[in-house]
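Step one of this worksheet: look at the structure below.
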Amino acid sequence: MAEALMQDQVLPQATHHDMANAIRALAMDAVQKAASGHPGMPMGIADVATVLFTRFLKFDAAHPEWPDRDRFVLSAGHGSMLLYALLYLTGYPDMTLEEIKRFRQLGSRTAGHPEYGHAPGIETTTGPLGQGIGNAVGMALAERLLNQRYGDEIVSHYTYCLVGDGCLMEGISQEAISFAGHLKLGRLIVLFDDNQISIDGPTSLAISDDQLERFRASNWHAAAVDGHDPEAVALAIENARSVTDRPSIIACRTVIGYGAPKKAGTASTHGSPLGAEEVAGAREKLGWPYEPFDVPEPVLASWRMAGARHRAAYEKWTEAAGRLDATARDHLIDPIAGKVCEEIARTTAGLKTDFAAEGAKLATRQSSQKVLEKLMPVVPNLIGGSADLTGSVGTLTKLHTIVKPGDFAGNYIHYGVREHAMAAAMNGLALHGGIVPYGGTFLVFSDYCRPSIRLSALMGQRVVYVMTHDSIGLGEDGPTHQPVEQLAALRAMPHLLVMRPADSVECAECWEIALLTDDRPTILVLTRQGVPLLRTAPTTENLSAKGAYVLVEPEGGRDVTLLGTGSEVSLALDAAKMLQGEGIRAAVVSMPCWELFEVQDERYRKAVLGEGPRVGVEAAVEFGWQEWLGSEGAFIGMRGFGASAPAPDLYKHFGITPEAVAAAARDLIVKK
Ligand SMILES: Cc1ncc(C[n+]2csc(CCOP(=O)(O)OP(=O)(O)O)c2C)c(N)n1
């Protein structure tokens with residue numbers, strides 16, 4: 001009822017049709033000017049978007065960072081002009097008409113696909129189809145988790161997600177849908193642009209699913225409407241909002257390129273400019289006689305009213321949030337703010353001392369679990385989980401409680417065997433604010449999450465991936481489970497921190513870095529097998545933060561430098577001891593994080609790497625090691641896939657041994 005009144009306030013001057021046409025016109029004009037882009041989707045879904053943004057979506061364009069705003073995720077990111085038009089029309093200050101005119105140009109806020117951080121109101125980066133719906137599930141989950149902690153006055157909002165046929169064809173959508181239905185995320189409402197067209201033509205070329213039945217089978221409320229009937233759309237959204245124990249999907253039947261006289265309803269409107277003639281024809285057909293980029297004042301004013309209509313709600317919220325204590329308020333945006341940073345550092349320092357005192361041989365996955373157990377009380381809203389490998393990856397501690405369907409008091413999520421959706425949902429959790437997500441699986445299955453990891457990196461989100469069973473060291477499960485190329489592939493990804501700690505002390509240091517780095521994701525690459533403690537006298541300084549450091553410096557200068565990561569650092573140490581017995585002076589360097597080492601100053605890097613010959617050792621492929629070893633160096637590692645056998649046998653079989661490292665060092669010294 002309250003929403004209906006709002007509608008009256010919003011639309012005194014312009015009709016729904018004109019408001020929707022403003023979106024259509026901006027989309028076709030911007031694509032036409034850029035000579036590239038996707039006009040069809042925004043033109044087709046304009047009616048639905050107008051209903052959503054003028055009658056339902058809780059937001060205040062002047063305060064885009066309002067933590068309790070509804071989230072709108074454009075999963076079908078190719079329809080970016082829809083989002084840009086909406087942001088401009090509703091009055092987001094950074095989305096000017098100039099930006100719309102600079103659609104897809106270098107340095108504009110209006111990139112080809114929506115880029116998180118380019119302008120407020122872009123809630124996530126989308127474009128790779130299906131990712132947005134995964135993010136939306138994470139955001140809707142974040143809302144429920146924080147609602148449970150802060151109450152309705154502070155956190156109570158919806159997540160709306162616009163998907164196309166493409167998003168629903170992607171496999172990740174199945175994982176996300178199934179997970180959201182299981183958790184009973186009633187505040188998640190998916191709007192499906194059911195236009196039955198994709199790039200190749202009609203969707204019937206490739207799919208004949210009953211989409212709504214598919215959602216219903218996963219415990220969703222599902223409805224279908226005519227997406228060009230605003231009242232029907234409004235009623236469907238109203239109904240969806242009243243369903244509190246299930247997420248909802250509304251299939252909105254639309255015509256792609258609506259209004260284009262010849263091309264509407266065809267794939268030709270999907271991803272190319274309509275052409276001058278068709279644009280002129282659309283203007284006529286839609287009854288939009290205005291110049292390109294011209295939105296007449298009454299229409300713009302109505303849109304601007306829509307963008308400001310929740311100002312009072314925003315102010316009420318600000319007042320309520322003002323009554324929270326300052327720390328709680330800060331943590332609503334960033335749980336690792338203020339004192340928490342110091343406490344993390346203090347906790348990891350204490351852990352390092354304890355690990356050193358115990359001197360135990362531990363798998364780094366076990367060390368990680370111990371670190372987590374100590375960090376849990378320090379970091380509010382550190383939300384853990386695993387894709388059905390909880391016991392193996394050490395992501396659960398005795399301090400955790402489990403998030404259950406409809407009950408969000410817990411802080412540990414059983415994501416099920418859904419690695420891809422786990423990673424996409426973690427992006428959503430992080431983007432929402434108020435939560436630091438981490439989640440675990442085996443390193444080899446990073447391939448199953450890679451598209452979402454890439455978006456964590458592109459968006460600079462603090463997501464911590466706990467990836468264990470990191471080499472042939474996992475043993476008997478064999479080559480399907482033994483990563484060999486994943487480290488290289490992950491290191492190739494810009495802006496991602498790949499950390500492979502060598503022992504418990506490094507593990508504590510890497511966790512500290514992961515949590516204190518608020519603008520990029522981290523992958524913690526951890527062993528299944530036990531590794532000895534190497535840092536027997538840990539420094540208070542976080543040595544892993546430099547990416548690589550000298551673990552052993554021989555007296556009297558170096559003959560050779562042995563470089564290793566993770567479980568192979570101890571092999572390098574053993575090799576150094578062997579060489580020492582022969583009078584060869586070998587330094588040992590641990591390299592837990594290449595990306596951090598790369599940005600150290602040249603002097604430090606040179607000092608660590610040494611002048612002489614170098615041998616690298618890592619139970620993975622050589623790709624990338626050339627950077628550290630130079631053309632003269634030697635590498636001991638994997639040259640192909642692994643095998644099924646006990647780990648010690650595999651290390652011998654593949655020649656990744658201290659003897660092999662020592663032999664390579666001798667060879668290099670002789671050659672020199
Ligand atoms: C993962 C992924 N695969 C392929 C593409 C390329 N692509 C962009 S849009 C699209 C078709 C999408 O069809 P639909 O969702 O129906 O959008 P519409 O045609 O309605 O605009 C494809 C294949 C992509 N962006 N992401």
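These values consider heavy atoms only, across backbone and side chains, with no hydrogens, waters or symmetry-generated copies. Every number for a ligand or one of its atoms is a count from 1 in the order of the listing.
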**Q.** Nitrogen or oxygen of Leu129 less than 3.5 angstrom from that of ligand 1
**A.** yes
Q. Touching ligand 1 at all, Gly127? Heavy atoms, strictly under 4.0 Å?
A. yes
**Q.** Salt bridge flag under 4.0 Å for residues Glu595 and Arg520
**A.** no
**Q.** Pair His118-Glu99, side-chain donor/acceptor within less than 3.5 Å
**A.** no
Q. Using the benzene-type ring in the case of Trp, are the ring centres of Tyr415 and Phe179 under 6.0 Å apart?
A. yes
Q: I would like to know whether Asp193 and Thr254 meet side chain to side chain donor-acceptor pair (under 3.5 Å); could you show each step before the answer?
A: CA-CA 6 Å; Asp193 180 20; Thr254 62; 2.5 Å; yes
Q) Does Ile256 reach ligand 1 with a nitrogen or oxygen that is under 3.5 Å from one of the ligand's nitrogen or oxygen atoms? A) no
Q: Could you find the nearest protein heavy atom to atom 16 (O) of ligand 1 and give me its residue, atom name and distance?
A: Ile197 O, 2.6 Å
Q) Is His78 in contact with ligand 1, taking contact as a heavy-atom separation below 4.0 Å? A) yes
Q: May I ask you to check whether Gly164 has an N/O atom sitting below 3.5 Å from an N/O atom of ligand 1?
A: no
(Q) Would Arg102 pass as a cation-pi partner of Phe293, given that its NZ or CZ must be under 6.0 Å from the six-membered ring centre and within 45 degrees of the axis? (A) no
Q) Do Phe215 and His221 have ring centroids that are under 6.0 Å from one another? A) no
Q. Looking at the rings of His157 and His432, which for Trp means the six-membered one, are their centres under 6.0 Å apart?
A. yes
Q: Heavy-atom distances under 4.0 Å are what count here, so tell me which part of His38 touches ligand 1: side chain, backbone, both or neither.
A: neither
Q | Numbered atoms of ligand 1 (with element) below 4.0 Å of Pro128, judged on heavy atoms | A | 26 (N)
Q: Considering heavy atoms of the protein only, find what lies nearest to atom 3 (N) of ligand 1 and give residue, atom and distance to 0.1 Å.
A: Glu170 OE2, 3.6 Å
